[in-house]
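These numbers were taken from a predicted model, which means no experiment stands behind them.
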Amino acid sequence: MRYAREVTFPMLVRAYATASKTETVASNGKAGLKAADIANRLRSEKENQTNDKDEVPVSPLQNRVNELKQFSQQLQSVHPSVLVKALYRGILYQDQNIIAINKPYGVPLHNVDGIRNSIVECLPLLAKITDGMQAGAQLHLCHSLEKENTGVLILAKTEEAAEHVQTLIRSHKVERKYLAVTVGVPVPSEGVIDIPIIEKEVTGPQPHFKMGLSPLFKVSEEGDGVTRVRAHRQAHSAVTQYRVLDSTSGCSLVELQPVTGVKNQLRVHMALALTCPILGDHKYAHWNKLAPQKLPEGILRRLGLVQSKTRYLPLHLHSRRIVLPGVKGHSGITVSSPLPKYFTNTLKRLQIPLPGKE
């Protein structure tokens, strides 16, 4: 009687027909259907109908985005030791001085905005695991990588090693290459962006701060030349080398090589200097407001997505390779990281060939 209110008339008809048929079989000497069996059948059919109603067809990309969103949330809800084990399994390189890990999407370097798990929080336990659980083991960050970025992240086992790597980066002796999917095709297809970057306040209904361009030249009033302007005292020198590897469907696969290391440098240079924002960059796709990235209809069709769901698109910016120069007769160190699954799936949807292995 517990399920009586959930049973519909058609279900009773089907169950009665089944029972009648079974009773006929029973009269021929075979076991008949019991009342409990009928109740179980009714319960199963009711659950199947409910599941059919709840199922909403979604595109493959929406499934991938939802999986990525759930994975990012899962990383923030799991115990830090679970995240440490994931980072340990993702070690790309290790020697007596440094460790290179494959940073996952959605994990910040430091604890900010109430986020529970971060790379820094994992370093003490990760150091012990990689050093055979030795007391006093330490790991230190050598450079920055944004929360939404994926790929190679260098850690040092001593403060001296960390300072050495940071010195190499400041003196532009470390080669860092990123891969990005951009909305639009950069023109020219290869070049150097040398435009300083400064933090600016965006006024309006949603006041906020963003990194913006602070050019050293401006177009003359006549429009037939450029004139140099005084550099802003708070602007940071920012230089990015770029090269288009392939393009189709209004998107491009671009190799980026930052010469300097300014906050949000690659995102700002692509969005504001070349007007080709990185796919999934909801911060710099618009300047005057905070809103999901707006994509052309052709790209939405390729991605199997509607505009109202673009907010789920992750940032397609991946730290592909880092090359440290050799010292004291030792050869240089090259560390490469495979593209995350959501990145390769996007390339396949856009019909852009996957890049070769580094």
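Panel note: side chain His208, backbone Lys289; no donor-acceptor pair is recorded below 3.5 Å. Between the side chain of Glu199 and the backbone N or O of Ala235, no donor-acceptor pair lies under 3.5 Å. A distance-only check finds no donor-acceptor pair linking the side chain of Ser214 to the backbone of Ile197 [under 3.5 Å]. Although no hydrogens or angles enter the test, the distance criterion places no donor-acceptor pair under 3.5 Å between the side chain of Ser252 and the main chain of Val254. Without hydrogens or angle criteria, Tyr178 side chain to Arg321 main chain gives no donor-acceptor distance under 3.5 Å. In this structure, Lys103 contributes its side chain and Val107 its backbone to a donor-acceptor pair below 3.5 Å. The backbone N or O of Leu213 lies less than 3.5 Å from a partner atom in the side chain of Lys200, making a donor-acceptor pair. Listed for the His172 side chain is a donor-acceptor partner under 3.5 Å among the backbone atoms of Val259. For the pair Ser319 (side chain) and Val152 (backbone), a donor-acceptor distance under 3.5 Å is present. Looking at Gln307, its side chain does come within 3.5 Å of a backbone N or O of Gln293 through a donor-acceptor pair.
Looking at every heavy atom in both residues, Arg176 comes nearest to Thr260 through NH2-O, 3.5 Å. Taking every heavy atom of both residues into account, Tyr93 and Asp95 meet most closely at OH-OD2, 2.8 Å. Across all their heavy atoms, Pro338 and Arg320 have their closest contact at CA-NH1, 3.8 Å. Here the closest heavy-atom approach between residue Ser337 and residue Leu92 is recorded as CB-CD1, 3.8 Å.
Relative ring orientation between His316 and Phe343 is described as tilted, the plane-to-plane angle lying within the 30° to 60° band.
Counting only N and O atoms by type, the side chains of His318 and Thr150 include a donor and acceptor under 3.5 Å apart. At a cut-off of 3.5 Å, with distance as the only test, a side-chain donor of Thr167 or Arg170 sits close to an acceptor on the other residue. Remark: the Glu121 side chain and the Ser118 side chain contain no N/O donor-acceptor pair separated by less than 3.5 Å. With hydrogens and angles left out, the side-chain atoms of Thr240 and Gln265 include a donor and acceptor closer than 3.5 Å. Between the side chains of Ser249 and Arg302, at least one donor N or O sits under 3.5 Å from an acceptor N or O.
Cluster annotation: Leu168 is connected to Val335 through the hydrophobic network of ILVMFWY side chains, with a link wherever side-chain heavy atoms come within less than 4.5 Å. Put simply, Val185 and Ile299 are part of two different groups of oily side chains (I, L, V, M, F, W, Y) that touch within less than 4.5 Å, one to the next. Residues Leu290 and Leu279 do not share a hydrophobic cluster, defined by chaining ILVMFWY side chains whose heavy atoms lie under 4.5 Å apart. Taken together through direct or relayed side-chain contacts under 4.5 Å among Ile, Leu, Val, Met, Phe, Trp and Tyr, Val181 and Leu300 form part of one hydrophobic cluster. Under the 4.5 Å side-chain heavy-atom criterion for ILVMFWY residues, no single connected hydrophobic cluster contains both Leu145 and Val323.
Taking 4.5 Å as the limit, every side-chain heavy atom of Asn111 sits out of range of all side-chain heavy atoms of Val120. Ile98 has its side chain out of reach of Leu155: every pair of non-hydrogen atoms, C-beta onward, lies at least 4.5 Å apart. Looking at Thr346 and Leu313, their side chains never come closer than 4.5 Å, going by heavy atoms from C-beta outward. Looking at heavy atoms from C-beta onward, Leu253 lies in side-chain contact with Pro355 at the 4.5 angstrom threshold. A 4.5 Å side-chain heavy-atom check between Leu125 and Ser81 finds at least one atom pair inside the cut-off. Side-chain contact between Thr130 and Gln94 is present, with heavy atoms from C-beta onward closer than 4.5 Å. Looking at Thr310 and Lys294, their side chains never come closer than 4.5 Å, going by heavy atoms from C-beta outward. Under the 4.5 Å side-chain criterion, counting only non-hydrogen atoms from C-beta, Tyr284 is in contact with Asn264.
Within a 6.0 Å radius of OH in Tyr88, no more than 12 heavy atoms belonging to other residues, nucleotides or ligands are found. At most 12 heavy atoms of other shown residues, nucleotides or ligands fall within 6.0 angstrom of atom NZ in Lys85.
Taking CD from Gln166 and CD1 from Ile154, the interatomic distance works out to 12.0 Å, rounded to the nearest 0.5 Å. Rounding to the nearest 0.5 angstrom, the gap separating the CD1 atom in Ile193 from the CG atom in Leu272 is 10.0 Å. Rounded to the nearest 0.5 Å, atoms CG (Asp194) and CG (Leu216) are 7.5 Å apart. Atom-to-atom distance recorded for Leu324:CG and Cys142:SG is 8.5 Å, nearest 0.5 angstrom. Taken to the nearest 0.5 Å, the CG atom of Leu83 stands 4.0 Å off from the SG atom of Cys122. To the nearest 0.5 Å, atom CG of residue Leu153 and atom CG of residue Asn102 are 9.5 Å apart.
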Applying side-chain contact (heavy atoms from CB on, under 4.5 Å), run through Ile99 and Leu126 and close with a yes or a no.
CA-CA 10 Å; Ile99 291 177; Leu126 182 61; 5.8 Å; no

Step by step, would you call Asn117 with His79 a side-chain contact (heavy atoms from CB on, under 4.5 Å)?
CA-CA 8 Å; Asn117 288 328; His79 192 275; over 6 Å; no

Yes or no on side-chain contact (heavy atoms from CB on, under 4.5 Å) for Glu175 and Ile322, after CA distance, side-chain angles and deciding distance?
CA-CA 6 Å; Glu175 179 185 288; Ile322 290 182; over 6 Å; no

Applying side-chain contact (heavy atoms from CB on, under 4.5 Å) to Val192 and Gln241, what does each step give before you reach the verdict?
CA-CA 4 Å; Val192 177; Gln241 299 177 8; 4.0 Å; yes

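No close placement of the Tyr242 and His269 rings is indicated, their centers lying 6.0 Å or farther apart.
Remark: Glu146 engages Arg267 in a salt bridge, criterion side-chain N to carboxylate O under 4.0 Å. Using a 4.0 Å cut-off between charged side-chain N and carboxylate O, Lys210 and Glu201 make no salt bridge.
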